[in-house]
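Notes follow the structure.
Whatever order the structure lists ligands and atoms in, that order sets their numbers, starting from 1. Being a predicted model, the structure only gives us computed values, none of them experimental.
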Amino acid sequence: MKDTIQIAVVGSGYVGLVAAVCFAEMGHSVVCVDNDQRKVDALRSGDSLIHENHLPELLERYRNSKVRFTSDLGEATREAEAIFIAVGTPQGDSGKADLSYVEAVANEIARSLTSYKVIVEKSTVPVYTNEWIRRVMERNGVSQRLFDVVSNPEFLREGTAISDFLHPDRIVVGTDSEPARALLARIYEPLTNGSYYEQDDSIDGFRSSAAPPPLLFTSTKSAEIIKHASNAFLALKISFINAVSNLCEAADADVEQVARGMGLDSRIGPRFLRPGIGYGGSCFPKDVAAFRVVAEQLGVDFALLTEVENINADQKKRFLNKVRSALWTLRGKKIGVLGLSFKGGTDDIRESPAIELVEMLLAEGCSINAFDPAAMARAELVLPPGSNLRYMPDAYAVAHNAEALLILTDWEEFSHLDLHRLNGLMRYPIVVDGRNLYDPDVMSQNGFTYFSVGRPATQHVHELTTA
Ligand code: UGA
């Protein structure tokens with residue numbers, strides 16, 4: 001028989017909503033709380049609010065039954081054995097994480113607590129947040145016997161969030177309390193004992209009953225640091241390969257070959273070695289900054305993190321210069337932009353390098369036609385359409401009459417465009433690819449002058465022979 005646990009999840013953003021439906025998928029009973037009544041209403045009526053694979057299907061399966069939505073935190077926590085806090089921790093002053101939402105939730109939980117609960121931080125938070133939550137509870141007069149605080153960081157990526165949650169590399173549980181440890185072990189048991197993967201309709205992924213995910217118990221502080229350190233390390237890997245790509249450009253080498261050669265070393269690994277226009281999104285920029293500030297506050301010199309941030313910022317400027325050198329001058333140029341989200345597979349534009357580049361190009365006086373398969377509605381809110389910026393229905397409409405085409409997001413569909421058709425539509429067949437989606441030789445055979453990241457530029461074949 002299934003061990004069903006009553007869970008409250010506070011926050012219905014990426015992490016909260018995904019955790020809520022995935023806990024239901026694992027057999028638990030979940031109440032998901034958000035203080036935005038419009039979001040609650042939308043979720044109740046089946047609108048998943050974010051573009052995420054498998055989310056509509058799981059929401060349809062469980063909404064208003066195994067996952068209920070409410071704006072009443074008191075009601076949600078009353079029956080729950082575990083309360084997962086998954087609210088935002090935006091970037092505050094000078095990179096510090098703003099924990100005011102976490103604090104507000106802790107205050108509210110404290111006011112409605114009448115029996116023992118395990119409070120679990122799932123939001124990405126700096127080390128010591130656990131202690132702060134504990135202090136907030138105690139300040140509100142809650143006895144220490146009535147709660148434990150656990151750090152259970154989440155490592156899901158946007159776009160593949162559901163399968164990342166259900167097929168994790170590892171599950172980290174940081175706590176010093178035995179009852180809390182036992183409860184978290186029960187919550188994740190369908191994954192750790194492999195039974196979930198035996199279910200007929202389980203979501204596909206790389207885990208199986210023969211290879212279930214490991215559950216790692218640590219101290220609360222270690223778990224908090226694991227999350228920040230993991231994100232910072234991945235960001236470092238990206239900045240490293242971006243710096244190497246600059247070197248490759250200077251030396252006339254090919255960064256894709258270099259990355260392949262490095263990635264085959266099992267100690268390095270091939271993932272997160274894709275050069276581009278810099279990392280973005282709601283996590284890496286914020287988390288690297290927050291980790292840097294935590295180190296500063298603890299008196300530790302972690303200058304490497306500042307360098308990771310500097311390389312990332314430079315990468316966008318370098319790309320802009322590449323466009324400039326491809327076109328000579330930018331003012332008045334008609335440029336096509338493919339991609340606005342911070343990476344392919346998501347409609348999220350937070351800290352998107354693509355959005356930043358569009359802003360830079362507009363400031364230089366370019367006229368832009370842009371297309372993104374999912375992020376245009378969100379992009380229009382921060383970059384309203386006007387005489388210099390138009391949103392187009394597809395990649396070919398963007399190419400029409402363009403003096404250059406820029407690829408800014410690694411959407412799968414941008415990697416197999418009809419090159420012949422594209423070329424025929426453009427005013428000048430110049431492509432500046434910030435995500436290395438194409439083979440330079442194929443581009444030149446198709447008549448393009450092609451610039452990418454960390455690889456020699458290739459000229460349109462005809463130009464080469466007449467030069
Ligand atoms: C990231 C982490 O990968 C997750 O493990 C973590 O849980 C999450 O942050 C979080 O803290 O919530 P996510 O922000 O969804 O996930 O995006 P990633 O797939 O990691 O990509 C981040 C950025 O790096 C994107 O702009 C992407 O284009 C860029 N990137 C990624 C590269 O430029 N090169 C690469 O090789 C990989």
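- Looking at heavy atoms from C-beta onward, Glu359 lies out of side-chain contact with Leu362 at the 4.5 angstrom threshold.
- Atom 3 (O) of ligand 1 has its closest protein heavy atom at Arg157 CG, 3.3 Å.
- Ranking protein heavy atoms by distance to atom 1 (C) of ligand 1, first place goes to Phe284 CE2, 3.5 Å.
- Across every non-hydrogen atom of Lys117 and Ala80, the tightest pair is NZ-O, 2.8 Å.
- Contact annotation for Leu273 and ligand 1: only backbone heavy atoms (N, CA, C, O) come within less than 4.0 Å of the ligand.
- Atom 13 (P) of ligand 1 has as its closest protein heavy atom Lys343 NZ, 3.9 Å.
- With hydrogens and angles left out, the side-chain atoms of Thr160 and Ser163 include no donor and acceptor closer than 3.5 Å.
- Of all atoms in ligand 1, listed by their number and element, those nearer than 4.0 Å to a heavy atom of Arg435 are 28 (O).
- Residues Asp169 and Phe206 form a side-chain contact, since some pair of their non-hydrogen atoms from C-beta on lies under 4.5 Å apart.
- In the vicinity of Lys227, heavy-atom distances shorter than 4.0 Å reach the ligand 1 atoms 6 (C), 7 (O), 10 (C), 11 (O), 12 (O).
- Rounding to the nearest 0.5 Å gives a distance of 13.5 Å between CD1 of Ile83 and CD of Glu121.
- Close to ligand 1: Gly280, with a non-hydrogen atom less than 4.0 angstrom away.
- Ligand 1 is never approached by Glu351 to a heavy-atom distance shorter than 4.0 Å.
- Ring to ring, Phe291 and Phe302 are close: their centroids are under 6.0 angstrom apart.
- Using modelled atom types, one side-chain atom of Arg435 and one backbone atom of Leu408 make a donor-acceptor pair closer than 3.5 Å.
- Tyr196 and Tyr188 have their aromatic ring centers separated by at least 6.0 angstrom.
- Protein heavy atom closest to atom 31 (C) of ligand 1, with residue, atom name and distance, is Ile238 CD1, 3.5 Å.
- When all heavy atoms of Lys237 and Arg271 are compared, the pair lying nearest together is NZ-O, 2.7 Å.
- Looking only at distances, no side-chain donor or acceptor of Asp34 sits under 3.5 Å from a matching main-chain atom of Thr70.
- Listed by number with element, the atoms of ligand 1 under 4.0 angstrom from any heavy atom of Glu154 are 7 (O).
- Nearest protein neighbour of atom 6 (C) of ligand 1, counting heavy atoms only, is Leu156 O, 3.2 Å.
- Distances shorter than 4.0 angstrom occur between a heavy atom of Cys283 and an atom of ligand 1.
- For Glu25 and Tyr62, the side-chain atoms include at least one donor-acceptor pair closer than 3.5 Å.
- On a distance-only criterion, Val15 and ligand 1 share no N/O pair closer than 3.5 Å.
- Summary of contacts: the protein heavy atom closest to atom 5 (O) of ligand 1 is Phe155 O, 2.9 Å.
- Nearest protein heavy-atom neighbour of atom 37 (C) of ligand 1: Phe272 CD2, 3.4 Å.
- Less than 4.0 angstrom separates some heavy atom of Glu158 from each of these atoms of ligand 1: 15 (O).
- Looking at Lys286, Arg350, Arg274, it is Arg274 that brings a heavy atom closest to atom 35 (C) of ligand 1.
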